Enquirer: 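Here it is: the structure, laid out below.
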Amino acid sequence: MAKRVVVGLSGGVDSSVAAFLLKEQGYDVTALFMINWHDKTGVIDADCPWNEDVVFAELVAKKLEIPFHVVDLSEPYRERVIDYMFSEYQKGRTPNPDVLCNREIKFDAFLKSAEAYNPDYVATGHYCKKTTDSVEGKLVHHLLAGDDPNKEQSYFLCQLSQEQLARTLFPIGHLHKPEVREIARQQGLASANKKDSQGICFVGKVHLPVFLQQKLKSREGNIFEIPADLSQYNEEKQDRSDLESVCTPWSYIKEEGTWVGKHQGAHFFTVGQRKGLQVGGKEEPLFVISTDVQENRVYVGQGQSHPGLYRRGLKIIPEEIHWIREDQVMKQGESRDYMVRIRYRQPLQEAKLHLTDQGMFIIFRKLQRGIAAGQFAAWYEKDELIGSGVIHR
RNA sequence: UGACCCGUGGUGUAAUUGGCAACACAUCUGAUUUUGGUUCAGAAGAGUCCAGGUUCGAGCCCUGGCGGGUCAA
């Protein structure tokens with residue numbers, strides 16, 4: 001009997017082609033569309049709500065002659081993704097809602113909803129690959145980068161577990177986007193020419209400040225410009241052997257800078273950010289180099305090469321260290337070389353990971369720009385995602 | 001009070017010997033991007049503090065105000 005698969009059909013090309021390919025491969029395919037968000041506040045294309053996506057998804061399902069169902073997951077989405085997002089911003093951190101969306105919704109709430117159809121697997125249209133082999137009689141699932149370097153999405157799945165991977169298929173991971181579009185066209189799928197989705201998944205492209213202001217109050221504060229020749233940048237406190245200090249962000253006091261303007265809330269800014277400061281008249285653009293939500297201050301530096309923008313390392317606290325490859329867990333005191341990225345689409349960076357009782361310390365070979373607490377660092381070996389964690393600082 | 005300097009788009013500056021104002025930053029829009037952020041492209045925006053004058057023509061010259069600053073006493 002054919003294996004059963006429930007595919008998360010979003011109405012976009014990727015999941016449409018994923019569904020098609022699964023059917024081609026002989027699976028018994030069921031399409032499940034999830035509703036996650038109905039609110040439009042702050043959304044840029046407010047005229048493009050999920051209703052349109054459902055129509056596309058349903059058309060595709062009809063074309064492929066597969067059963068089509070809809071499930072409303074907006075409740076868990078709000079609780080586990082959106083609320084988390086607000087609370088992180090409130091604390092002055094920079095969350096990554098899409099990583100959470102995958103861990104909590106697509107590969108959890110959705111997966112559980114899919115159980116209703118007794119699937120052997122659940123599939124999505126992510127650009128990544130999975131392989132499985134057995135090590136000492138135990139199955140090990142590998143999460144691999146997708147073959148299309150422009151669309152590769154493994155980073156967003158960096159918080160998945162072996163259990164979640166065990167149930168999952170990624171039918172389009174070996175394809176490049178243009179090939180996916182071509183298949184959709186050949187098969188006459190309605191979503192063939194649909195524009196790629198952008199912005200927070202399910203919510204869409206938003207004016208973040210407006211979106212955040214739904215829940216987060218604005219609070220006027222001051223912006224200080226820190227000179228690039230500040231002494232702390234030169235001091236050899238960058239003692240490479242002291243992991244804690246190498247992995248501590250630069251911090252400032254207002255006396256070290258000069259007042260350059262006002263902002264509407266330090267928690268609306270993130271390190272590395274240029275736009276939205278509304279301070280002009282400078283030779284070079286100003287970038288946020290630090291925010292202090294306690295004192296409600298934003299510190300900025302002038303120019304792309306301002307030293308305050310760069311750091312050598314970051315820290316992840318013990319309870320936030322996540323291994324996809326559970327068999328690769330490091331021992332305390334161990335150090336290991338991995339390739340690491342700290343944001344989607346960032347080329348992998350050479351780094352050394354050190355595990356101590358204080359947590360995971362990641363020291364990069366090259367200085368990294370805009371390391372933001374709340375974002376995820378993900379470490380790879382070749383094209384396999386090995387583990388990840390929330391950047392603590 | 002005396003002498004000197006300055007007053008240009010939101011901000012900081014530029015404009016050969018007088019010929020209808022340039023650049024950067026900020027802003028907005030678009031592109032890229034399933035997070036934030038970054039990057040890229042384009043657009044909008046001042047008629048040059050005010051009032052007179054010289055000139056074919058003044059941001060640039062002259063006179064008088066107003067405003068800001070510096071040095072004297």
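Remember, it's a predicted structure, so these values are computed and weren't measured experimentally.
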Enquirer: Could you give the distance separating B:A51 and B:U27 at their C1' atoms, to the nearest angstrom?
Expert: 34 Å
Enquirer: How would you label the contact of A:Leu277 with the nucleic acid (heavy atoms, under 4.0 Å): base, sugar-phosphate, or nothing?
Expert: sugar-phosphate
Enquirer: Would you please confirm or rule out a distance under 4.0 Å between OP1 or OP2 of B:U32 and any side-chain N or O of A:Lys195?
Expert: yes
Enquirer: Decide ring-ring contact (aromatic ring centres under 6.0 Å, His included) for A:His306 and A:Tyr299; before the verdict, give the C-alpha distance in whole Å, the side-chain angles of both, and the deciding distance to 0.1 Å.
Expert: CA-CA 12 Å; A:His306 189 102; A:Tyr299 295 98; over 10 Å; no
Enquirer: In this structure, how many angstroms lie between the C1' atom of B:G12 and the CG atom of A:Leu286, rounded?
Expert: 12 Å
Enquirer: Pick the C1' atom in B:G18 and in B:A31, then give their distance to the nearest Å.
Expert: 44 Å
Enquirer: Atom CH2 of A:Trp37 to atom C1' of B:U34: distance rounded to whole Å?
Expert: 16 Å
Enquirer: Which is true for A:Gly261 with a 4.0 Å heavy-atom rule: it touches a base, it touches only sugar-phosphate, or it touches nothing?
Expert: nothing
Enquirer: Would you kindly give the CD-to-C1' distance between A:Gln278 and B:A26, to the nearest whole Å?
Expert: 8 Å
Enquirer: Counting only distance, no hydrogens or angles, is the base of B:U34 paired donor-acceptor with the side chain of A:Lys106 under 3.5 Å?
Expert: yes
Enquirer: With rounding to whole Å, what would you report as the distance between B:A24 and B:G65 at their P atoms?
Expert: 40 Å
Enquirer: Ring centres under 6.0 Å, that's the criterion: do A:Phe110 and A:Phe33 meet it?
Expert: no
Enquirer: Judged by modelled atom types alone, do A:Arg297 and A:Tyr252 share a side-chain donor-acceptor pair under 3.5 Å?
Expert: no
Enquirer: Would you measure the distance from the C1' atom in B:C60 across to the matching atom in B:U48 and give it in whole Å?
Expert: 10 Å
Enquirer: Please determine, for B:A58, whether a Watson-Crick or G-U wobble partner exists with both distances under 3.5 Å, and give it or none.
Expert: none
Enquirer: How does protein reach along nucleotides 35-41 of chain B, written 5' to 3' as B (base within reach of a heavy atom under 4.0 Å), S (only sugar-phosphate), or - (no contact)?
Expert: BBBSS--
Enquirer: Which comes earlier along RNA chain B counting from the 5' end, the contact point of A:Glu283 or that of A:Gln153, where each point is its nearest nucleotide?
Expert: A:Glu283
Enquirer: Taking only the P atom of each, what is the distance from B:G30 to B:G37 in whole angstrom?
Expert: 15 Å
Enquirer: Would a hydrophobic clustering, with Ile, Leu, Val, Met, Phe, Trp and Tyr connected at side-chain separations under 4.5 Å, put A:Val271 with A:Leu216?
Expert: no
Enquirer: Provide the distance between the two C1' atoms, one in B:C6 and one in B:A43, to the nearest whole Å.
Expert: 33 Å
Enquirer: Could you please name the partner base of B:U1, counting Watson-Crick and G-U wobble pairs only when both distances are under 3.5 Å?
Expert: B:A72
Enquirer: Using purine N1 to pyrimidine N3 plus N6-O4 or O6-N4 for Watson-Crick, or N1-O2 and O6-N3 for G-U wobble, both under 3.5 Å, which nucleotide pairs with B:U35?
Expert: none
Enquirer: Please report the distance separating the C1' of B:A14 from the corresponding atom of B:G9, rounded so that it comes out in whole Å.
Expert: 13 Å
Enquirer: Assess the residue pair A:Arg369 and A:Gln304 against the criterion (side chain to side chain donor-acceptor pair (under 3.5 Å)); give the C-alpha distance rounded to whole Å, side-chain angles, the decisive distance to 0.1 Å, and a yes or no.
Expert: CA-CA 9 Å; A:Arg369 194 200 124 106; A:Gln304 276 289 12; 2.3 Å; yes
Enquirer: If the threshold is 4.0 Å, N to carboxylate O, is there a salt bridge linking A:Arg325 and A:Glu384?
Expert: yes
Enquirer: Less than 4.0 angstrom between a side-chain N/O of A:Lys151 and OP1 or OP2 of B:U34, yes or no?
Expert: yes
Enquirer: Taking pairing as Watson-Crick or G-U wobble with both contacts under 3.5 Å, can you name the mate of B:G45, or confirm there isn't one?
Expert: none
Enquirer: For B:C23, what is the paired nucleotide under Watson-Crick or G-U wobble rules, both distances under 3.5 Å?
Expert: B:G12
Enquirer: As a test of the definition: with a 90° window around 0 for syn, would you call B:G47 syn or anti?
Expert: syn
Enquirer: Strictly below 4.0 Å, N to O, side chains only: are A:Lys177 and A:Asp196 in salt-bridge contact?
Expert: yes
Enquirer: Consider only side-chain N and O atoms of A:Gln302 and A:Glu283, and report whether a donor and an acceptor are under 3.5 Å apart.
Expert: no
Enquirer: Give me the distance, rounded to whole Å, that separates B:A3 from B:G45 when you measure between the C1' atoms they each carry.
Expert: 40 Å
Enquirer: For B:A51, give its Watson-Crick or G-U wobble partner with both distances under 3.5 Å, or none.
Expert: B:U63
Enquirer: Write down the distance between CD (A:Glu284) and P (B:C25), rounded to a whole number of angstrom.
Expert: 9 Å
Enquirer: Which pairs with one or both residues in residues 111-140 of chain A pass ring-ring contact (aromatic ring centres under 6.0 Å, His included), sequence neighbours excluded?
Expert: A:His69-A:Tyr117, A:Phe107-A:His126
Enquirer: Taking the nucleotide of RNA chain B with the closest heavy atom to each, which residue, A:Val279 or A:Leu157, is nearer the 5' end?
Expert: A:Val279
